[in-house]
Amino acid sequence: MKTLNQEAIVLVALDIARQKGLPAVTMRAVAGHFGVTAMALYRHVADREELARLVVDRIGSHIRPAAPQGDAREDDVAGDHTTDHADWDDRARAWARAQRTVLRQYPGTAAWLIENGPAGPQAYRLLENLAAALAGSGLDDARTARGTALIMSWTFSRVAVEDRAGPPRGERADTFVGGLTTIDPERHPVTARIGQEFFTLDDEEIFETGLNWILAGLGADAAAT
């Protein structure tokens with residue numbers, strides 16, 4: 001029998017989350033990998049809610065936003081590579097991209113974060129990473145708080161949408177583009193003009209465009225203060 005302890009349980013749960021998504025992580029599913037009943041897990045994990053928090057916090061430990069090359073501090077023991085010398089917008093962009101990259105590997109995690117909030121210590125490390133970047137732009141604390149919330153909301157909500165995309169994007173795009181032939185271009189002139197491009201934008205472009213516009217707005221706000 002495999003060794004049964006909290007660390008082993010979290011590792012198995014992580015593997016399930018990666019392969020099938022966070023919603024598939026249940027006490028029964030994890031117990032099955034050890035050849036035991038779910039009751040055997042309760043000596044090490046209180047319940048499914050605690051298990052989910054442990055898993056999400058561990059996923060957070062894999063998110064390591066990287067600053068521009070050469071800007072990492074030598075004493076950065078957390079491995080975040082944050083620095084006072086890196087451009088704030090580069091750091092914020094690296095944060096969002098690192099979040100998206102890792103969260104997409106564990107479907108359902110972004111939606112869990114939206115519904116449940118911080119899972120543990122890693123959430124506060126990542127919050128500090130992003131908030132410190134925005135504070136470095138010259139924003140006051142009130143605007144830093146709002147900007148941080150905006151970037152987090154955009155990142156998590158976009159990943160949640162991507163996780164729940166359903167049919168292959170190409171198939172959905174073909175269906176929507178085909179539907180453009182049924183609309184009256186005089187009644188919906190703008191839709192007729194942009195519809196083809198709108199329905200064929202890929203997730204990467206949508207994410208990056210939104211992130212760029214958010215950062216541009218924050219930069220303009222910082223410059224005005």
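Predicted model, so just to flag it, every value in this text is computed and none were measured. All residue numbers refer to positions in the sequence shown, counting from 1.
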Mind listing the side-chain donor-acceptor pairs of residues 179-199 below 3.5 Å, one per line with the distance, residues two or more places apart or on another chain?
| unit_1 | atom_1 | unit_2 | atom_2 | d |
| --- | --- | --- | --- | --- |
| Thr181 | OG1 | Gly178 | O | 2.7 |
| Thr182 | OG1 | Gly179 | O | 2.6 |
| Asp184 | OD1 | Glu186 | N | 2.9 |

Hey, can you pull the donor-acceptor pairs under 3.5 Å for the side chains in residues 28-38, sequence neighbours left out?
none

>> Show, in sequence, the C-alpha distance, side-chain angles and deciding distance for Thr200 and Phe176, and conclude whether the side-chain contact (heavy atoms from CB on, under 4.5 Å) test is met.
In response: CA-CA 9 Å; Thr200 55; Phe176 286 126; over 6 Å; no
Atom pair [atom1]/[atom2] of [X] and [Y] - distance to nearest 0.5 Å:
X: Leu54; Y: Leu11; atom1: CG; atom2: CG; result: 11.0 Å
X: Ile151; Y: Leu211; atom1: CD1; atom2: CG; result: 6.5 Å
X: Asp89; Y: Leu134; atom1: CG; atom2: CG; result: 10.0 Å
X: Tyr42; Y: Glu50; atom1: OH; atom2: CD; result: 11.0 Å
X: Met152; Y: Leu150; atom1: CE; atom2: CG; result: 11.5 Å
X: Leu22; Y: Ile59; atom1: CG; atom2: CD1; result: 6.0 Å

>> If the condition is ring pair (Phe, Tyr, Trp, His ring centres under 6.0 Å), which residues does Tyr124 pass it with, not counting sequence neighbours?
In response: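 Applying ring pair (Phe, Tyr, Trp, His ring centres under 6.0 Å) to Tyr124 gives none.
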Closest approach of [X] and [Y], non-hydrogen atoms and distance?
X: Thr3; Y: Ala8; answer: O-CB, 3.4 Å
X: Ala160; Y: Ala111; answer: CB-N, 4.2 Å
X: Asn129; Y: Arg91; answer: O-NH2, 4.0 Å
X: His44; Y: Asn5; answer: ND1-CA, 3.7 Å
X: Ala40; Y: Leu4; answer: O-CD2, 3.8 Å
X: Asp163; Y: Gly108; answer: OD2-N, 3.1 Å

Check whether any side-chain heavy atom of [X] sits under 4.5 Å from a side-chain heavy atom of [Y], and report yes or no.
X: Gln99; Y: Leu130; result: no
X: Arg48; Y: Val25; result: yes
X: Leu113; Y: Leu103; result: yes
X: Trp88; Y: Leu139; result: no
X: Thr155; Y: Phe207; result: yes
X: Arg104; Y: Val159; result: yes

> Would Tyr106 and Val55 satisfy side-chain contact (heavy atoms from CB on, under 4.5 Å), going step by step from the backbone distance to the final call?
Replying inline: CA-CA 10 Å; Tyr106 300 90; Val55 170; 5.9 Å; no
> What pairs meet the side-chain hydrogen bond (donor to acceptor under 3.5 Å, both in side chains) rule with one or both residues in residues 109-123, with sequence neighbours excluded?
Replying inline: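 Checked against side-chain hydrogen bond (donor to acceptor under 3.5 Å, both in side chains) - neighbours excluded - the pairs reaching residues 109-123 are Gln122-Arg125.
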>> Show every side-chain hydrogen bond (donor to acceptor under 3.5 Å, both in side chains) that has at least one partner inside residues 131-146, sequence neighbours left out.
In response: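 For residues 131-146: Asp140-Arg143, Arg143-Asp221.
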Can you name the salt bridge (Lys or Arg N to Asp or Glu O under 4.0 Å) partners of [X], sequence neighbours left out?
X: Glu49; answer: Arg53
X: Glu7; answer: Arg58
X: Glu128; answer: none

Residues that [X] engages under side-chain contact (heavy atoms from CB on, under 4.5 Å), provided they are two or more places apart:
X: Glu204; value: Arg100, Asp202, Glu208
X: Trp213; value: Thr209
X: Ala24; value: Ile16, Lys20

> With sequence neighbours excluded, what pairs up with Asn212 under the side chain to side chain donor-acceptor pair (under 3.5 Å) test?
Replying inline: Arg93
